[in-house]
Amino acid sequence: MRKRYVYTLLFAFSAFLISLPVSLELYNVFLNLYELFWSSQSFSEMDFLLILVMIFIVTWFILTFIGYLVGRQFEQMPELNNWLPLVLLGITLILFVFSCKWGMDFVNEDKNSRLCGEYCQSRGYYTSISPPAGDPVQTCYCSNGPDTEPLIVPIEDLK
């Protein structure tokens, strides 16, 4: 069996693991763009699910194809064939862990800012500020400007 197919199989598994958080991040970008530009059009929940699945499949295919190209390139270098797959698998797993961690922080931060914004708007405030997800003090800050007294509420009370 040619090395390019071994690399393709190796990258297919790794690409599946990496495509999960990457496609979720790309989907979040799509949702933000949708809210900015196309919110007047109505999509059903099935359309959004189909978009997420398509993003995942395209991302997985691209990463697997990259594995095929890498394998084809390394077929001509037999001295690398013994240890290179293990190094690539290790790098892939490290990238997967970091992308999952980054994705979880982004989702929590987005959720906190959305909760804070909705809460402040329902109370009649124009400005809402929420801290980053890693901040030890998780509070929502609502204000109408420097002349009014701000409202400060813990994020946990909003959930």
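When all heavy atoms of Thr64 and Ala12 are compared, the closest pair comes out as OG1-CA, 3.7 Å.
Ring-centre distance between Tyr34 and Phe48: below the 6.0 Å cut-off. Taking the six-membered ring where the residue is Trp, the centroids of Phe56 and Phe16 are separated by under 6.0 Å.
From Asn28, atom CG reaches atom CG of Leu52 across 9.5 Å, with rounding to the nearest 0.5 Å. Interatomic distance, Phe30 CZ to Ile51 CD1, rounded to the nearest 0.5 Å: 3.5 Å. Annotation: the span from Ile66 atom CD1 to Phe61 atom CZ amounts to 10.5 Å, rounded to 0.5 Å.
Using a 4.5 Å cut-off between side-chain heavy atoms of Ile, Leu, Val, Met, Phe, Trp and Tyr, with links allowed through other members, Met46 and Met54 fall into different hydrophobic clusters. Follow the hydrophobic side-chain contacts under 4.5 Å out from Ile62 and you reach Val22 in the same cluster. Cluster membership for Val29 and Leu31, using ILVMFWY side-chain heavy atoms within less than 4.5 angstrom, is shared. In the hydrophobic clustering of ILVMFWY residues, with side-chain heavy atoms under 4.5 Å counting as a link, Ile57 and Leu50 come out apart. Val58 and Leu24 end up in the same hydrophobic cluster when Ile, Leu, Val, Met, Phe, Trp and Tyr side chains are linked at under 4.5 Å.
Using a 4.5 Å heavy-atom cutoff, the side chains of Cys140 and Cys120 are in contact. When side chains are defined from C-beta on, Val153 counts as touching Leu151, because their heavy atoms get closer than 4.5 Å.
Between Cys142 and Cys116 the SG-SG gap reaches or exceeds 2.5 angstrom.
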